[in-house]
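Chain naming here is simple, since letters A, B, ... match the order of the sequence lines and numbering starts at 1 in each.
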Number of protein chains: 2
Amino acid sequence: MTTSHEAATRDAPRERILETAYDLFAQHGVGSVGINEVITRSGVAKATLYRHFPAKTDLVLAFLAEREQRWTHDFIEAEALRRGDTPTEQLLAIFDVFDEWFHRTDFEGCSFINVLLEMHGHGSEHPLGQASAQYLDNIRVIVRDLADRAGLTAPQDFAHSWHILMKGSIVAAAEGDTIAARRARTMAHSLIDEHRAPAVMS
Amino acid sequence: MTTSHEAATRDAPRERILETAYDLFAQHGVGSVGINEVITRSGVAKATLYRHFPAKTDLVLAFLAEREQRWTHDFIEAEALRRGDTPTEQLLAIFDVFDEWFHRTDFEGCSFINVLLEMHGHGSEHPLGQASAQYLDNIRVIVRDLADRAGLTAPQDFAHSWHILMKGSIVAAAEGDTIAARRARTMAHSLIDEHRAPAVMS
DNA sequence: CTCCTGTGAGACAGACCTGTCTGTCTCGCG
DNA sequence: CGCGAGACAGACAGGTCTGTCTCACAGGAG
């Protein structure tokens, strides 16, 4: 109903499908949302959806790619870079962005983590698990590059540890700990200090 | 019902069901495993299962309770207490146990996190989400008590931060980072240091 | 002996899912 | 004006799942 989206969106069924799928998958998870709901909500015919996305997996893969663009790049990365003047500040700003994110009423969690854990150990075999792992990898690359630019030691290990703080705080936020980002930020600060000393090993 | 009970070792279908459900739910997730698989694997009639567990939710709740006993208490807590001589050592030993856990070929992740994230934001309304959150809470109580005994400042906040490291390393391990526990342990050590100083941010 | 209870085996209903297929409509273009 | 491509609508097939139900059997109690 409605088609209140004016003439512009009239001939863009693929965009309408992906837009609807993005909202539904991000909010309710890719497993809980059926194709039929995407169809009815986007006002598209089932045959149209399957013409653009041969299987549900393809639609989910498109969603994950879109998620990386909107969440990883446009939200987290861009905001963190904007809020900090130095690489170190930009790293820490990630958790400031997280803090804002965790306080949203429609906080939806990290789709990459959600999809990966939905595979329950078979993630390395399933294309959705592989894609999610790749997008999580890409986040770590962003962190590692900032660590590089900040002159930190062992940037690869730093990025892994940093990412543990990010993922842990996201799960904590899903649990209801709305100030998890501030807790993680404090630990993150200590981690930076540890990687400023020439020797990292304990 | 067999007079004065305790002829329980007879066939004990309830124990067989729960034992089978424990293995399947822990390994493959509570959503992916159907009642029929529990039935065939445990050699029990469907009516028998539904007599002991009126709905699948009841079976999952029983699984989660069993999971707390076997994983939280018998594995993590007991092993950590055994491996350390002081409360501080026992806290750090949690990540030694994690390290061993992450390296198991049948590493299955944290069922509480998995179930909670499976609710996709509606965890606080769903009984399974509430139960999972409660069991995660209980883990934090164990950590807080150890922090108390170690004389750390702000043990409640400490436990929340510590738990972020635990959850973050579990997700990282699910991603394939087998040495995530050692990374978390290093950060955990710094966290302890931070909570030894008399003044700590709240 | 019969009754009674718990059990195994499995058919069945009803809901929901993915994916296919058949129509009908509209629109652009020659 | 006619034609074809793409889109809408929805029936349909084939599979999954939960949960109910029937039936046969086994063993202890009265």
Closest of dG19(D), dT7(C), dC8(D) to the Ala55(B) side chain is dG19(D)
From CD1 of Ile39(A) across to C1' of dA11(D) the rounded distance in Å is 13 Å
In this structure, how many angstroms lie between the C1' atom of dC17(C) and the NZ atom of Lys56(A), rounded?
8 Å
Which label fits His28(B) and His122(A): parallel for a plane angle under 30°, tilted from 30 to 60°, or perpendicular past 60°?
parallel
So which nucleotide from dG19(D), dG6(D), dC8(D) ends up closest to the side chain of Arg51(A)?
dG6(D)
Specify whether Phe63(A) and Phe25(A) have parallel, tilted or perpendicular ring planes, treating 30° as the upper limit for parallel and 60° as the lower limit for perpendicular.
perpendicular
I want to verify a distance call: between dT18(C), dT7(C), dC8(D), whose nearest atom is closest to the Asn36(A) side chain?
dT18(C)
Using whole Å, what does the distance between atom C1' of nucleotide dG19(C) and atom CG of Leu59(A) come to?
13 Å
Rounded to whole angstroms, how far apart are CG on Leu128(A) and P on dT18(C)?
13 Å
Protein-nucleotide distance (Glu37(A), atom CD; dT18(C), atom P), rounded to Å
10 Å
Atom pair distance, as rounded to whole Å: CZ in Phe53(A) and P in dA7(D)
12 Å
For Asp85(B), the side-chain contact (heavy atoms from CB on, under 4.5 Å) test, sequence neighbours excluded, returns Glu89(B)
Between Thr48(B) and dT7(C), is there a contact of a side-chain N or O with OP1 or OP2 at under 4.0 Å?
no
With a 3.5 Å cut-off and heavy atoms only, can you find an N or O donor on one side and an acceptor on the other between the side chain of Lys46(B) and the base of dG19(D)?
yes
Student check: side-chain heavy atoms of Thr72(A) and Ile142(A) closer than 4.5 Å
yes
How close or far is atom P of dT18(D) from atom CG of Asp58(B), stated in whole angstroms?
13 Å
How many whole angstroms separate atom CG of Leu49(B) from atom P of dC21(D)?
16 Å
Quick one: sort the Phe107(B) and Phe102(B) rings into parallel, tilted or perpendicular, breaks at 30° and 60°.
perpendicular
Selected nucleotide, minimal atom distance to Tyr50(A) side chain, candidates dG19(D), dT18(C), dA7(D):
dT18(C)
Looking only at the side chain of His52(B) (C-beta and beyond, no hydrogens), which of the listed nucleotides dT7(C), dG19(D), dG19(C) gets closest?
dT7(C)
Side chain of Ala47(B) (C-beta onward), nearest among dC21(D), dA9(D), dG6(C):
dC21(D)
For Ser32(A) and for Pro54(A), find the nucleotide of DNA chain C with the closest heavy atom, then tell me which residue's nucleotide is more 5'.
Ser32(A)
